[in-house]
Amino acid sequence: MQHATVTLDPAFTIAPVRRRTFGSFVEHLGRCVYTGIYEPGHPTADPDGFRQDVLELTRELGVSMVRYPGGNFVSGYRWEDGVGPRASRKKRPDLAWHTIETNQFGTDEFLRWCGRAGVEPMMAVNLGTRGVAEAVDLLEYTNHPGGTHFSDLRALHGTPKPYDVKLWCLGNELDGPWQVGFKTAHEYGRLAAQTARAMRMLNPDLTFVAVGSSGSAMPEFGAWEAEVLAETYEEVDMISAHAYYEEVDGDLGSFLASNLDMEHVIRAVTATADHIGARLKSSRRINISFDEWNVWYLSRFQNQPPITSWETAPRQLEDIYSVADAVVVGSLLISLLRHSDRVEAACQAQLANVIGPIFTEPGGRAWRQTIFHPFAQASALARGAVLHTAVSSPVYETRKHGDAPLIDAVATHSPSGEVALFLVNRSIDEPVRVTVDTRAFGRELRIGDATVLADDDVYAVNTADAPDRVAPHPHPGVTAGSLEVVLPPVSWNVLTLH
Ligand code: AHR
């Protein structure tokens, strides 16, 4: 059996675990909002129309922060359409997803929902078809104490106290030709800087995310970030990164190693940001908001015939996730945690139904997709400091990424002394024995709780009738009282060391 070693030292820390690593994303897209988090008339809906079953799953998922309202949707959104009495809200065509937006759910509903879910809102402003004025208006609506048109309107709509939203995305994916109002880096950079500056004039205490490339395959990846940051460096706090992965042409080996691309994105964007900082002789450091990441079978979506109808909340991007997808999501979480020094926020895209960990039936049940589990476990157990986790692993050859380590892992060390160790085995057919070296702790550590998510069928999924077909189980591969574990092929593993 192949063997790997994971070496930990409590003195070698990367950064504190950031709660904002465990963000999610709610876009007005498909059934994420309508019949996802919001469904008046559903048996579990509260008086605001929020599905309690979905709220409970959101809390269990351990989401810390939620980005809203898009995504591509935000680039054509008029936020004013989504506030005030519901009966008079306008229906609009949403150009991004070719649907009808009823605006029955808007800013107030979202921010109230965040309060119920116990999550921090991350709001995006429309810098596709709109600009500085509308962004400042929205900020006045959400954050200004009162005595002005939009703050008084908020009070009239039932919320006198400001929502005090701190985290703002300055648009979405404006480098992409699919984006309504897409721009050159120079055009966008100027607009983003002006918007941030104006918003800070109303409310100095805000955190801004500038739009980075939509993906590492974009022709201008790197150059876009450099030009945008040259314009915005002193105004923003983070630059966004987006990445989606899928298994293509049956190449499971490459798919399982997807986080090597995420690592490349993080390194490249960080280097670009630091290069601009050096050129500008700035003492500031721009971090990454990885505010869209996940497994997404994008090619299935792109291969569908173009949508010609205009429907309200149709089924769109409803990927059903497998064991292999959950293992990839686990490895992406490992990368995000490992780079906690520079990844300041991250959002799994999206929360419900649309490439989401939570799936719902309209009027019916809600359940956990396979990818729910690695996120929930990492959010629940990653505490304290992220440790440099030295992994010595055999490698395997992938078509897409060259050699990839079979085992990847990251550990966190809580103030009470507990270590959480998250590991994936990417081997398609072989178990791997892992020894954890904790000599540097100077005290005896042993594996305590241990779970594994794996299955003989790596394409097994959860359904409404079998919602727990794929879930973490007590780990059969741990040798009692030891620091050794055997990880089955294609598996996500969580160990706590006491
Ligand atoms: O999450 C789905 C879409 O992916 C978002 O709307 C967009 O920002 C990205 O291209």
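Counting begins at 1 with the first residue of the sequence. Start at 1 and go down the list; that is how both ligands and their atoms are numbered.
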Aromatic ring pairing W296/F301, orientation class (parallel under 30°, perpendicular over 60°, tilted between):
tilted

R31 and side-chain contact (heavy atoms from CB on, under 4.5 Å): which partner among R315, E39, Q316, E361?
R315

Could you label the plane-to-plane angle of the W224 and Y188 rings as parallel, tilted or perpendicular, counting under 30° as parallel and over 60° as perpendicular?
parallel

I'd like to know whether the aromatic ring centres of F208 and W168 sit less than 6.0 Å apart in this structure.
no

Counting distance only, does the side-chain N/O of N294 pair as donor-acceptor with the main-chain N or O of I355 below 3.5 Å?
yes

Partner of H28 under ring pair (Phe, Tyr, Trp, His ring centres under 6.0 Å), chosen from W79, Y68, F110
Y68

Quick one, list the residues around ligand 1 where some non-hydrogen atom comes in under 4.0 Å, by chain and residue number.
F25, E27, G71, N72, W97, N172, E173, Y244, E292, W296, Q350, I355

